[in-house]
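As a basis for the values below, the full set of heavy atoms in this structure was taken, side chains included, without hydrogen atoms, waters or symmetry mates.
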Amino acid sequence: MKKRIISLILCAALIISACGCSADNGTLSAGSSSTASAVSSAETVSQDTASSGSGSSSDTSSDASDKTSSDKQNSSSSDSSDKQNNSSADSSDKQNNSSDASSETSKPSTNKQESSSSAATSSKPANSTGSATSKPTNSAGTATNKPASATAADTTKKPAATTTSKKPTTTTTTTVNQTSDKPLSFSETYEAENGKLSNDMSVISDSNASGGKSVGKFESDSSYCQISITVPADAVYDIVIRSKAIGPYKENDLYADGKKAGTFVSKPDNFSDYTVCAVTLKKGSHTLTVKKSWGWIELDKITVKTGAKISNSTYNVTSTLVNRNATANTKKLYSFLKDSYGKYVITGQQCDGGINGNEFKAIKNLTGDYPALLGLDMMDYTPSRTALGTSSSAVDKAIEFHKKGGIVTFCWHWNAPTEYLYSTANSSDGWWGGFYTKSSKFDIAKVMNGQDAKGKKLLDRDIKEIAKQLKRLEKAGVPVIWRPLHEASGGWFWWGAQGPDAYKKLWKYLYKELTNTYGCNNLIWVYNGQSADWYPGDEYVDIVGEDIYPGNHVYDPQVSRFKQAINYGSKTKITALTENGCIFDIDSAVSINALWCWFMTWGDEFTVNGSNYSEKYTEKSVIKKMYASKYSLTLGSLPKIY
């Protein structure tokens, strides 16, 4: 009996001791902080830091586009839109809660350089990229041109009066921890036909829709469907929109409480889901509103469910450069990009004038520093343009910026050969816009399958000329973040006009020609086709890029597109925001752990009005916060890379 009593006493003591340890560990865990390493460290900065306490909203939007004017405002890839739903929003994302508000991040030792006094600039032909194309305007239209901006009346007008107003019925599957405000699992579905509709909208009988009904057709700028929702906790939520395009694929906008939360894609023929990821909502009631951007869709239902932050494992890039013969400087730059990815966002700016261009000078005057990354274009080295009088000093600008310690990226608006242009008029519909599908009869499918020998010969001529310019950069020791054949899945450029198969053949051919035939070993290859279905393969791609032009003053970090892009290949690749209209809010990006490797704000109206900084797309407070953030790298805070 005594032995049993003694045993019971010992067990009780052990239990008390265990409880004490558990309490101590909880205290330590709650009070701990994580300190970010320098760029050269392999450790990833924990993203739930003091920056997340700023109260910045996380509005997610996704209109991709090209820089070549405000016609670029709405590009996206229909073929890959659903891929994002299988992205990294899983339970492993919960690991990001390891850091508290006291965590610090130190920028790397700097290699600050002063601006050169050289003022030489390279100018494109007037309006060479300024021709605006129009949105699809009817259900029968084929979307061959990039739609115009969605930042006009459809995003600024107050919705028209409604004639249909019902309290939505819902389908709910909820598991909530009753002792905590944080949902363990939450999912609630709202039928669109039970929402509040604008006068021009109607309920459509469709046996393939949930409940046999959908709403449409979002024909006018004032069209909308508004749904009231309730969420059980302050949290990050994913919003799944089920819809169907009438005619070709469409893009339209989602608003949360009147603020743009994202852009979603609707595919033709059948209803499909698109997830607008990581929308931050407070506990309680909210309104979700679907508004017309391109319009012409049937909206079936909206599901609100538990979301998640980006997993730290996203930033564990183990890939090496696809070109094993890359130069030493190219390897050093790629290593730097890998090390900084997930810790910092590299500031970038497209600027034809280089470090002395209007955009760079305006940013320096406003923020006190230059962007770390200079964006330039091989466009005016293309033979069909030089034959009509263009010239370029972009290579010289790149060498100059490299000497200042900066990083250089090039795209290539590749004009179709002159012989294939519909017009050689000195206008945007003529040779100025020769890279647009609408401007030429150049058929890359016929060229790549051997049906157009003349076109193939001219294609090779162009590649040879651009290789010459890239070799000039290599000789000067300049590694290039190389982004050719961009935004292909949109179809508005000739290299994307004949579908993914022809595009992938062209990508691989260009890679082999520049790498093997001409020995351009200073290139880091960026895939910017904006669709998993157009991805040429891991062995031809170093970095994945997305181009996003969400509208005016839209500052969310574009998490849906980030999650989409990180799943294009089978290997983990660096992901970058390779073109943008608005600069995202850095605090929101940090709070959700969505750190693009870099951003690249387009030039002209997206940054300046003449020589002055323009707030048309990004307000001064937002860019100043970005450039001052401990999570961003500017020219002045870049370490010595080479």
Side-chain angles (χ1 to χ4, degrees), residues 67 69-70 72 107-108 110-124 129 340 344-377 394 397-398 400-411 481 547-550 552-555 557 576-587 589 595-639:
K67 56 89 190 124
S69 95
S70 45
K72 325 148 99 274
K107 287 190 179 182
T110 64
N111 181 32
K112 194 170 182 99
Q113 301 287 346
E114 294 301 318
S115 167
S116 165
S117 60
S118 170
T121 61
S122 164
S123 60
K124 297 179 184 177
T129 59
S340 65
Y344 305 97
V345 175
I346 298 169
T347 56
Q349 178 64 50
Q350 190 78 16
C351 183
D352 293 340
I355 195 168
N356 293 298
N358 286 338
E359 292 87 350
F360 263 62
K361 290 191 289 186
I363 291 171
K364 175 66 161 62
N365 290 338
L366 178 64
T367 69
D369 208 343
Y370 291 109
L373 178 65
L374 169 63
L376 294 163
D377 199 332
K397 298 292 188 297
E400 177 186 26
F401 194 64
H402 170 77
K403 290 179 178 178
K404 300 287 183 183
I407 307 169
V408 174
T409 181
F410 270 89
C411 65
I481 299 175
D547 294 356
I548 305 174
Y549 291 76
N552 305 63
H553 304 162
V554 180
Y555 302 131
L577 185 56
T578 42
E579 286 185 28
N580 57 277
C582 302
I583 294 175
F584 57 84
D585 181 83
I586 185 63
D587 292 342
L595 294 181
W596 301 87
C597 185
W598 72 80
F599 66 84
M600 176 59 59
T601 310
W602 205 255
D604 298 324
E605 64 169 336
F606 294 99
T607 306
V608 291
N609 181 6
S611 60
N612 299 316
Y613 182 81
S614 170
E615 294 187 277
K616 182 176 181 179
Y617 290 93
T618 302
E619 293 162 294
K620 291 179 180 179
S621 60
V622 177
I623 186 174
K624 288 171 73 174
K625 181 166 72 168
M626 172 64 82
Y627 275 68
S629 174
K630 61 186 178 182
Y631 295 104
S632 72
L633 292 176
T634 60
L635 182 61
S637 61
L638 272 183

Test your reading of the model: is there a side-chain donor-acceptor pair from [X] to the backbone of [Y], 3.5 Å cut-off?
{"X": "Q350", "Y": "G603", "value": "no"}
{"X": "E359", "Y": "D604", "value": "yes"}
{"X": "S637", "Y": "T634", "value": "yes"}

Report the C-alpha distance between T601 and Q349 in whole Å, list the side-chain angles of each, state the deciding distance to 0.1 Å, and finish with yes or no for side chain to side chain contact (heavy atoms under 4.5 Å, CB included). CA-CA 5 Å; T601 310; Q349 178 64 50; 3.5 Å; yes
Below 4.5 Å, heavy atoms only, C-beta onward: do Y631 and D587 meet side chain to side chain? no
Do the non-hydrogen side-chain atoms of W596 and N580 ever get within less than 4.5 Å of each other? no
Straight-line distance of [X] [atom1] to [Y] [atom2], nearest 0.5 Å:
{"X": "L376", "Y": "C411", "atom1": "CG", "atom2": "SG", "value": "8.5 Å"}
{"X": "I481", "Y": "T578", "atom1": "CD1", "atom2": "OG1", "value": "10.5 Å"}
{"X": "C351", "Y": "N356", "atom1": "SG", "atom2": "CG", "value": "9.0 Å"}
{"X": "I586", "Y": "I623", "atom1": "CD1", "atom2": "CD1", "value": "12.5 Å"}
{"X": "F599", "Y": "I583", "atom1": "CZ", "atom2": "CD1", "value": "4.0 Å"}
{"X": "S340", "Y": "I346", "atom1": "OG", "atom2": "CD1", "value": "4.0 Å"}

Sequence neighbours excluded, the answer for ring-ring contact (aromatic ring centres under 6.0 Å, His included) partners of F360 is F401
Show your working on side chain to side chain contact (heavy atoms under 4.5 Å, CB included) between E400 and K403 and close with a plain yes or no. CA-CA 5 Å; E400 177 186 26; K403 290 179 178 178; 5.9 Å; no
For the residue pair [X] and [Y], what are the closest heavy atoms and their distance?
{"X": "T347", "Y": "S632", "value": "CG2-CB, 4.2 Å"}
{"X": "A362", "Y": "Y613", "value": "CB-N, 3.8 Å"}
{"X": "Y555", "Y": "E619", "value": "OH-OE1, 2.7 Å"}

Under a plain distance cut-off of 3.5 Å, with no hydrogens placed, do S611 and N358 share a side-chain donor-acceptor pair? no
Contacts of type side-chain contact (heavy atoms from CB on, under 4.5 Å), residue S614, not counting sequence neighbours: N609, K616
Take D377 and F410 through the side chain to side chain contact (heavy atoms under 4.5 Å, CB included) test and state the conclusion after the steps. CA-CA 5 Å; D377 199 332; F410 270 89; 5.7 Å; no
In L633, L635, L638, L374, the residue satisfying side-chain contact (heavy atoms from CB on, under 4.5 Å) with I407 is L638
As a quick check of understanding, evaluate side chain to side chain contact (heavy atoms under 4.5 Å, CB included) for Y627 and L366, giving each step before the final call. CA-CA 10 Å; Y627 275 68; L366 178 64; over 6 Å; no
Using 30° and 60° as the class limits, which term best fits the ring planes of Y617 and F606: parallel, tilted or perpendicular? tilted
